[in-house]
Chemist: 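Below is one structure. I have some questions about it.
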Amino acid sequence: MTTVAVRLRPRAAARRIEGQEVALLAVIAVLWLALGFATDTFFTGSNLRAILFNVAPIALIGIGMTAVIVTAGIDVSVGSAVAVVMVVVAKLIRDVGIPAPAAVGIAVALGALLGLVNGGLVAFGRIHPIIVTFATLNIFRFVALRIFDNRQVTGVPDTLAFAGGGAAGRVAGVPNAWLAAAVLAAVMWWYMRSWPTGRHLYAIGGNALAARLVGVRVRRRQVFAYVLTGALVGLAGCVLIGSGGLVSQNAGEGLELQVIAAVVIGGTSIVGGRGTVLGTMLGALLVGTVTSAVTLLGWRSELTTLFVGIFILVAVGVDLVRARRRREAR
């Protein structure tokens with residue numbers, strides 16, 4: 001009986017949170033309508049493209065972060081990892097002249113390697129994820145600054161312009177980066193919902209010991225989640241490089257907070273076992289909408305963090321209430 005409960009709980013969790021995704025979509029729709037009435041520029045093509053492009057790196061990394069948090073882990077090092085990827089790839093493009101496919105491949109491989117460091121320490125070192133990734137946040141940032149050599153990387157060619165926010169980075173007016181994030185999110189949603197190995201991620205977050213007892217390869221799945229996040233960090237780095245001709249030393253700073261906010265707002269339980277990638281995409285879109293609203297309305301930029309913080313508290317509060325009701329129903 002215990003085995004059956006462990007195996008079925010992931011599917012049930014995936015179904016139950018769809019209501020929160022609908023609610024989040026409704027919130028975004030209301031905000032968009034309100035902003036459309038309050039400003040003359042919100043529904044312009046340039047503003048909508050800017051929102052989608054600015055959200056794309058958050059959404060890309062959020063796809064992997066969803067898998068990490070679903071397994072009851074967390075990765076606060078992604079901002080520093082992005083900095084490492086960006087400075088290495090930007091210098092290779094500028095100094096060696098590598099083509100776009102090689103640049104993307106190196107970025108993904110380097111990001112995956114950084115993710116493997118985190119995943120290996122969490123899964124085999126049995127160190128709490130927040131401790132591991134807080135340590136690597138500082139280590140990766142140090143490595144990036146050493147590679148920067150106290151100088152920003154300037155004169156980067158437009159090799160990755162197809163991933164940037166300019167005309168070369170759009171198809172039918174939609175940023176390629178957002179399209180890539182949407183496609184990868186759909187694939188990951190299907191994988192986590194339909195494949196046994198994807199559903200194992202939920203089982204690990206719900207009860208890692210029980211999952212191990214029914215044959216789930218817990219360590220392998222944990223490493224996979226962190227490596228996937230690292231690979232998507234590499235893609236996000238390519239998007240950020242493609243948006244300009246220079247890479248500054250503060251690249252990626254604060255990105256981890258935006259990603260985690262998008263995942264949590266999207267309905268993923270911070271204690272693991274529940275969440276979907278589609279919710280994360282909506283959470284990222286809500287963060288981007290709030291940022292755009294503050295700018296268009298001429299409000300102080302600090303209000304963005306205030307509003308995002310409120311949304312996080314509401315999302316966590318809803319999750320805690322649901323968890324309490326589930327415990328009382330047993």
Chemist: Who passes side-chain contact (heavy atoms from CB on, under 4.5 Å) against A161, sequence neighbours left out?
Modeler: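 Listed in chain order: D158, A168.
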
Chemist: Only pairs at least two apart or in different chains count here, so list each side chain to side chain donor-acceptor pair (under 3.5 Å) that has a residue in residues 164-178.
Modeler: none

Chemist: Rounded at 0.5 Å granularity, tell me how far CG in L160 sits from CD1 in I93.
Modeler: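 L160 CG to I93 CD1: 4.0 Å, rounded to 0.5 Å.
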
Chemist: Applying salt bridge (Lys or Arg N to Asp or Glu O under 4.0 Å), which residue pairs with at least one partner in residues 279-302 are found, sequence neighbours left out?
Modeler: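 Qualifying pairs, neighbours excluded: R300-E302.
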
Chemist: Could you name each residue pair satisfying salt bridge (Lys or Arg N to Asp or Glu O under 4.0 Å) that touches residues 131-156, not counting sequence neighbours?
Modeler: D149-R151

Chemist: Would Q249 and L145 satisfy side-chain contact (heavy atoms from CB on, under 4.5 Å), going step by step from the backbone distance to the final call?
Modeler: CA-CA 7 Å; Q249 292 172 285; L145 292 175; 4.2 Å; yes

Chemist: Does L179 reach the side chain of V183, with side-chain heavy atoms less than 4.5 Å apart?
Modeler: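 Heavy-atom side-chain distance check fails, nothing below 4.5 Å.
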
Chemist: Check side-chain contact (heavy atoms from CB on, under 4.5 Å) between S46 and all other residues, then give those that pass, not counting sequence neighbours.
Modeler: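 Counting only residues at least two positions away or on another chain, S46 forms a side-chain contact (heavy atoms from CB on, under 4.5 Å) with T44, R49.
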
Chemist: Only counting residues at least two apart or in another chain, list the ones meeting salt bridge (charged side-chain N to carboxylate O under 4.0 Å, His left out) with D40.
Modeler: none

Chemist: Just by distance, no angles: are the side chains of T136 and N118 close enough, under 3.5 Å, to form a donor-acceptor pair?
Modeler: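 A donor-acceptor contact under 3.5 Å links the two side chains.
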
Chemist: Can you measure from OG1 (T280) to CD1 (I58) and round to the nearest 0.5 angstrom?
Modeler: 12.0 Å

Chemist: Under the rule for side-chain hydrogen bond (donor to acceptor under 3.5 Å, both in side chains), what residues qualify as partners of S248, not counting sequence neighbours?
Modeler: N250

Chemist: Can you give me the closest heavy-atom contact between P129 and A72, atom names plus distance?
Modeler: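 Closest approach of P129 to A72: CG-O, 4.4 Å.
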
Chemist: Give, for atom CD of E253 and atom CG of L137, the distance between the pair rounded to the nearest 0.5 Å.
Modeler: 9.5 Å

Chemist: Please find the pair of heavy atoms, one from V156 and one from L246, that lie closest to each other, and give the distance.
Modeler: CG2-CA, 4.3 Å

Chemist: Can you tell me which residue pairs pass the ring pair (Phe, Tyr, Trp, His ring centres under 6.0 Å) test with a partner in residues 267-297, sequence neighbours excluded?
Modeler: none

Chemist: Quick one: side-chain contact (heavy atoms from CB on, under 4.5 Å) partners of T39, sequence neighbours excluded?
Modeler: T41, F42, L296, L297

Chemist: Which atom pair, heavy atoms only, marks the closest approach of F140 to S77?
Modeler: CE1-OG, 3.9 Å

Chemist: Closest heavy-atom contact between G237 and V85?
Modeler: CA-CG1, 4.5 Å

Chemist: Count the heavy atoms of every other residue, nucleotide or ligand shown that sit under 6.0 Å from CZ of F43, and state whether that count exceeds 12.
Modeler: yes

Chemist: What residue pairs, at least two apart or across chains, pass ring pair (Phe, Tyr, Trp, His ring centres under 6.0 Å) with a residue in residues 224-283?
Modeler: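 For residues 224-283: Y191-F224.
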
Chemist: Which heavy-atom pair separates M65 from D75 by the least distance, and what is that distance?
Modeler: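 Smallest interatomic distance, heavy atoms only, reads CE-O, 2.9 Å.
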
Chemist: Does any part of the side chain of T66, heavy atoms only, come nearer than 4.5 Å to the side chain of M188, both counted from C-beta?
Modeler: no

Chemist: What residues form a side-chain contact (heavy atoms from CB on, under 4.5 Å) with A185, not counting sequence neighbours?
Modeler: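 A185 satisfies side-chain contact (heavy atoms from CB on, under 4.5 Å) with I63, V277, M281 once adjacent residues are dropped.
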
Chemist: Give the minimum heavy-atom separation between V223 and A123, together with the two atoms involved.
Modeler: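 Smallest interatomic distance, heavy atoms only, reads CG2-CB, 3.7 Å.
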
Chemist: What distance do E256 atom CD and T133 atom OG1 have between them, rounded to the nearest 0.5 Å?
Modeler: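 Interatomic distance, E256 CD to T133 OG1, rounded to 0.5 Å: 9.5 Å.
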
Chemist: Hey, what do you get for CZ (F311) to CG (L24), rounding to the nearest 0.5 Å?
Modeler: 8.5 Å

Chemist: Tell me if a side-chain donor or acceptor on S292 pairs with a main-chain N or O of G288 at a distance below 3.5 Å.
Modeler: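 Answer holds: no.
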
Chemist: Listing request: all ring pair (Phe, Tyr, Trp, His ring centres under 6.0 Å) pairs with a residue in residues 286-305, at least two apart in sequence or in separate chains.
Modeler: none

Chemist: Counting C-beta onward and ignoring hydrogens, is there a side-chain heavy-atom pair between L306 and L303 closer than 4.5 Å?
Modeler: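 Yes, their side chains come closer than 4.5 Å.
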
Chemist: Rounded to the nearest 0.5 Å, how far does CZ of F53 lie from CG of L240?
Modeler: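 Rounded to the nearest 0.5 Å, the CG-CZ separation comes to 6.5 Å.
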
